[in-house]
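FYI, side chains are in, hydrogens and waters are out, and symmetry mates aren't considered; it's all heavy atoms of this structure. Just so we're on the same page: letters track the sequence lines, and every chain starts at 1. Predicted model, so just to flag it, every value in this text is computed and none were measured.
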2 protein chains.
Amino acid sequence: MPCPPWWHGKFRDCGCRMTIPRQAVIDVLTATSEHLSAEDIYFEVHKVYPAIGLTTVYRTLDLLAQMGMVFKFDFGDGRSRYELVEGTKKHHHHLVCTNCGRVIDYSDFIEEEVKLFNQVEKALSQKHNFEITAHQVQFLGRCNNCKGGNNR
Amino acid sequence: MPCPPWWHGKFRDCGCRMTIPRQAVIDVLTATSEHLSAEDIYFEVHKVYPAIGLTTVYRTLDLLAQMGMVFKFDFGDGRSRYELVEGTKKHHHHLVCTNCGRVIDYSDFIEEEVKLFNQVEKALSQKHNFEITAHQVQFLGRCNNCKGGNNR
DNA sequence: CCTCTTATTGACAATGATTTTCATTTCCGC
DNA sequence: GCGGAAATGAAAATCATTGTCAATAAGAGG
């Protein structure tokens with residue numbers, strides 16, 4: 001299941017080309033529902049195209065983030081995580097365990113949050129003359145495993 | 001204006017000692033309203049106590065974050081930023097320009113957001129058996145300077 | 001105020017994610 | 001198919017953050 005052809009146009013629109021490595025990265029992102037790091041993605045890509053290098057994966061992810069097609073997250077473990085904006089998963093926010101690093105997606109209460117955010121976005125973008133393209137929400141704390149437990 | 005004495009107790013409560021370097025870091029964090037990086041803080045500390053090393057600044061910030069006295073942020077520029085939880089500034093959220101990295105604090109619409117978050121926090125912590133201690137909200141986009149402009 | 005235990009420190013080395021460099025290869029409009 | 005620009009890969013470079021370890025200092029108890 002190669003990535004849909006409309007990507008081709010997306011790239012052309014910003015003066016970029018569609019290439020095998022880029023397809024490969026998009027395919028991996030499309031197929032997963034997890035928060036993959038650049039290296040994770042590299043490993044997956046590598047299974048199918050061993051010639052593709054980690055550098056290219058980084059460059060592709062950077063480009064996709066610039067294009068607004070990919071979210072780049074930081075969950076505090078020293079590596080960035082990437083997620084397709086138009087992925088299989090619906091829009092969601094994150095619960096991050098500051099002890100073990102576990103990340104839980106939730107989308108249960110999103111609707112009200114998003115409703116409020118739309119208002120806030122509008123007001124903020126006017127007040128600060130700011131063009132808002134995305135938002136990130138994280139709740140930080142301790143997951144059930146780490147709750148009463150020892151640190152780290 | 002040295003940092004208030006109640007910090008002393010805070011440290012003792014977790015088996016830690018109050019030291020000159022820790023005071024110095026806290027003093028810098030108290031005095032600023034910006035989002036300082038570890039190195040920024042190191043430079044400030046260095047003006048008063050040239051003997052204090054960067055390593056110690058990192059360790060202190062880490063400790064303060066563990067204690068929940070300091071927020072640690074990532075605005076996507078590859079370095080962490082630190083902010084006192086009980087600082088001079090009231091609770092706020094962030095607008096981050098993905099082009100130039102500028103960060104704008106806002107607290108105008110916080111009240112409604114926080115009200116909603118309190119509900120969401122309660123529901124989430126029950127559903128996922130998660131002990132929530134903090135939240136982070138960022139709006140991403142382009143600031144007025146970068147709006148129509150060239151990339152990077 | 002002195003002592004002793006233990007947390008803390010600082011200099012330096014090490015790590016590890018991300019970037020840069022540059023010669024080579026690939027895309028794609030013509 | 002051709003050519004020039006865009007993209008790639010390998011290796012080196014960067015740079016924030018962390019680990020090591022011997023030397024130092026905090027502070028509880030005497």
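Put simply, the side chain of B:Asp62 never gets that close to the backbone of B:Arg59: no donor and acceptor are under 3.5 Å apart. The closest donor-acceptor contact from the side chain of B:Thr98 to the backbone of B:Gly141 lies under 3.5 Å.
Between A:Leu61 atom CG and C:dT19 atom P there is a gap of 10 Å when expressed in whole angstrom units. When the C1' atom of D:dT8 is taken as reference, atom CG of A:Asp62 falls 15 Å away, rounded to whole Å. Between A:Leu54 atom CG and D:dA10 atom P there is a gap of 11 Å when expressed in whole angstrom units.
If you check the side chains of A:His128 and B:Asn144, you find no donor sitting under 3.5 Å from an acceptor. A donor atom on one side chain and an acceptor atom on the other are not found under 3.5 Å apart for B:His8 and B:Gln23. Side-chain polar atoms of A:Glu113 and A:His93 form a donor-acceptor pair below 3.5 angstrom.
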- Protein heavy-atom contacts under 4.0 Å, written 5' to 3' over nucleotides 8-14 of chain C as B (base), S (sugar-phosphate only) or - (none), form the string SBBBB--
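Under the 4.5 Å side-chain criterion, counting only non-hydrogen atoms from C-beta, B:Met69 is in contact with B:Trp7.
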- Message: side-chain contact (heavy atoms from CB on, under 4.5 Å), that's the test. Do A:Glu39 and A:Arg79 meet it? Break it down for me.
- Response: CA-CA 9 Å; A:Glu39 205 176 17; A:Arg79 60 187 65 195; 3.8 Å; yes
- Apply side chain to side chain donor-acceptor pair (under 3.5 Å) to the pair B:Thr30 and B:Asp27, showing each step before the final yes or no. CA-CA 5 Å; B:Thr30 304; B:Asp27 287 346; 5.2 Å; no
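Within the structure, a side-chain polar atom (N or O) of B:Tyr58 is placed less than 4.0 Å from OP1 or OP2 of D:dT17. Considering only side-chain N and O atoms, B:His8 lies under 4.0 angstrom from the phosphate OP1 or OP2 of D:dG27.
Recorded end-axis angle for the helix from C:dC1-D:dG30 to C:dC30-D:dG1 stands at 50°, based on five pairs per end and rounded to 10 degrees.
Going from atom OH of A:Tyr42 over to atom NZ of A:Lys47 covers 13.0 Å, rounded to the nearest 0.5 Å.
At a non-hydrogen distance threshold of 4.0 Å, B:Gly78, B:Arg79, B:Ser80 from residues 68-84 of chain B come into contact with DNA chain D.
Linking ILVMFWY residues whenever their side-chain heavy atoms come closer than 4.5 Å, directly or via other members, leaves A:Val103 and A:Tyr106 in distinct clusters.
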